[in-house]
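First the proteins, then the strands, lettered A, B, ... as listed; each starts at 1.
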Protein chains: 2
Amino acid sequence: MSAPNRNSNKGRLFVYPNEKRMVTLRSIADRCGVDVSTVSKVIHGREIRVGEETRAKILAAAKELNYRPNALARSLRLRRSGAIVMAMRDTSGFVYPEIIDGAQDAAERHGTCLFLLKYSSGEKAGPSLISLVQEGRIDGILWDNMPYKSFSQELIDAQVPFICLNGYADVKGQCITLDDREGFERQANYLADLGHKRIGFIGVEPQSEISILCREAFLSTLKARGIDVPAKHIWHCHFEGDDAIRIVDSIDGADRPTAIASASLMAAKRLCDSLIRKGIRVPEDISIIGYHDGPDAQWNSPPLTTVKMPSRSQGALAVECLLEMVAGGKFHKREVADSSEIIERESCLRYP
Amino acid sequence: MSAPNRNSNKGRLFVYPNEKRMVTLRSIADRCGVDVSTVSKVIHGREIRVGEETRAKILAAAKELNYRPNALARSLRLRRSGAIVMAMRDTSGFVYPEIIDGAQDAAERHGTCLFLLKYSSGEKAGPSLISLVQEGRIDGILWDNMPYKSFSQELIDAQVPFICLNGYADVKGQCITLDDREGFERQANYLADLGHKRIGFIGVEPQSEISILCREAFLSTLKARGIDVPAKHIWHCHFEGDDAIRIVDSIDGADRPTAIASASLMAAKRLCDSLIRKGIRVPEDISIIGYHDGPDAQWNSPPLTTVKMPSRSQGALAVECLLEMVAGGKFHKREVADSSEIIERESCLRYP
DNA sequence: TTGAAAGCGCTAACAC
DNA sequence: GTGTTAGCGCTTTCAA
């Protein structure tokens, strides 16, 4: 009755390394007296053409034996690994954790495995990531940022499905980004709504494309509401160095701003620090609002009011777009549906 | 002359999804007029028994065709994926980035791929991670922490090779940890060497095993040098909440400490904040030293003096031990060779 | 020194 | 409804 057991080691050519007996489709097939293909259909196939009784028997056996399909064999056959990678240069000042959460969720929904990968900033980072795809380990890559300019062209040449989470680098449009314009408009409107008239702004880099866009969104929103930000109240703050201290030193005039918006959370925190050390109170003397929300914001003293961006949705959308490309589709640009919101904490006060 | 091309699609049963022509061993074999097995030997085998001429020809073809071995096929055959995972619960207040760097290096040296994986804290985190191994995607797991108590037993039962980076949870000894005792002794000695006599200590959790060990190492080192820390100068600070503020409120007596050591970087930073807000200067009035070093430490104002632990070596060693287990060996406990060091920045001053 | 053969575990087209 | 068959790309034994 039962099928011949081909597992039976009859003169096997050689002994496998790491010999631990696995539960395979064949184990189940043998136990149920059916063919592996039938088992395969039941376990994974969407085909319904299997008898109810057989199906039940197979499912029971699978459960009983604690069957785990071998992803490697499956992937080899299907020519798809079912795994994607989110590559990032830095794991401390991280990609906003919410992006990862969103991406994770989406991947899970699609039965895909999402790994994170830290790449070194050297020259070999790119090629070695591309190899991962070429070796079949990974189906596609999500980038927080390209390791170097013009790398996106290399990816395209190598036919590697990828999506960038930052559209301001040279990524040939394959990016899913946040609507920073909307975010900075909201930031500006928030301060204006609170009644502030003398407002300052801290950008990240003076010259970068993204930085300019954000600054302009902020300034033009204020302008439309009749508020001009003088050049001397527009600063830039790097993550390292003591820019924050210099900024504070420079604002101690009679016409100092009553509120300062920062384009980064880090800069907002450092500004807070420096202000307080100088004896200027936050928010009583100067209100501060950050951009992007994170655990750091609420641990700050005072807890920071920020513009929270829909990073979670961004991560999810990026994964979905990537998987479409993996499935053979072209990249199809879509906008993150959700919008920003203000998270009110304690660093902003109504003025006057 | 040339071998028959079995790639030639003669009546192929079905068309593969995502049909892109790959360069396989067969491509090379065909081009060189040899058998795949010969090519395999040249490309990966350690066997030298291949003619010099043939070898050269094959290598040239491989290079020319930009051959990438299919990791999936290889893994399937070898029953080893060549990838490991570092699983972590949180990606923002990260495992010390250096652990990852060290692990990455070691993995690379061993031709293994290291992925990071964020697991959710729910019940299903464990099983789904175990599945990754059972499905063959991953050979072993590095944990920053167990998702829940008694999980290590589940891993052992499932025969999953794993190593924990934190030995204070319930991990049945399969851990590669830092020598925190040595670290806290160094911290204590540093403050004593600076001449401080009234010293405070901030732990993380009052009751946890690790917390107690660290505190005792610190206190007994000071005691051996004739310095007693009164109970009222021993505090605990959580990452959330306003413990730091309460601490500051409680130390404003005439006998307040001249130096405070913290068992975490975060607590040190928050303490700094609170002290400064209260008008107590760091380091002029009170010196502060943190534990563990990270980018945050140098961005603090003032930049924090800390005890830097050999996290990099820890990561590397953990990977090496894990790979031994993957190769079938038993876990063999080894100590991280390097020791801690003091990173002097600006938050500590000689006393008086 | 090289090639033939078997098979890792799985899937899908096709025949029965 | 179920089994047969071929094959994903690779490695290793054994025979030539």
Side-chain N or O of [X] closer than 4.0 Å to phosphate OP1/OP2 of [N]:
X	N	answer
A:Ser40	C:dT11	yes
B:His44	D:dC10	no
B:Tyr67	D:dG9	no
B:Ser37	C:dG3	no
B:Arg77	D:dT12	no

For the backbone of [Y] and the side chain of [X], can you confirm whether one donor and one acceptor N or O come within less than 3.5 Å of each other?
X	Y	answer
B:Glu324	B:His332	no
B:Thr177	B:Asn166	no
A:Ser40	A:Val36	no

**Message:** By nearest heavy atom, map B:Leu72 and B:Thr38 onto DNA chain D; which one lands nearer the 5' end?
**Reply:** B:Leu72

If I take atom [atom1] in residue [X] and atom [atom2] in nucleotide [N], what distance separates them, rounded to the nearest angstrom?
X	N	atom1	atom2	value
A:Asp35	C:dT11	CG	C1'	12 Å
A:Arg49	C:dC16	CZ	P	15 Å
A:Lys41	C:dA12	NZ	P	11 Å
B:Arg68	D:dC10	CZ	P	13 Å
B:Arg26	C:dG3	CZ	P	12 Å
A:Ile28	C:dT11	CD1	P	11 Å
B:Arg79	D:dT12	CZ	C1'	14 Å
A:Arg80	D:dG9	CZ	C1'	17 Å

**Message:** By the 4.0 Å heavy-atom rule, please label B:Thr54 as base, sugar-phosphate, or nothing.
**Reply:**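 Result for B:Thr54 = sugar-phosphate.
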
**Message:** Determine whether A:Ser152 and A:Phe162 satisfy the following criterion, side-chain contact (heavy atoms from CB on, under 4.5 Å), listing intermediate values before the conclusion.
**Reply:** CA-CA 9 Å; A:Ser152 63; A:Phe162 77 98; 3.8 Å; yes

Show the atom names and distances, to 0.1 Å, of all donor-acceptor pairs under 3.5 Å that link a side chain in residues 130-137 of chain A to residues at least two apart or in another chain.
residue: A:Ser131; atom: OG; partner: A:Pro127; partner atom: O; Å: 3.1
residue: A:Gln134; atom: OE1; partner: B:Arg68; partner atom: NE; Å: 2.8
residue: A:Arg137; atom: NH1; partner: B:Ser81; partner atom: O; Å: 2.8

**Message:** I want to confirm an ordering. Mapping B:Ala73 and B:Val36 to their closest nucleotides on DNA chain C, which one lands closer to the 5' end?
**Reply:**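 It is B:Val36, whose closest nucleotide lies nearer the 5' terminus.
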
**Fill in**
Picking from C:dG3, D:dC10, C:dC10, the nucleotide nearest the side-chain atoms of B:Asn70 would be D:dC10

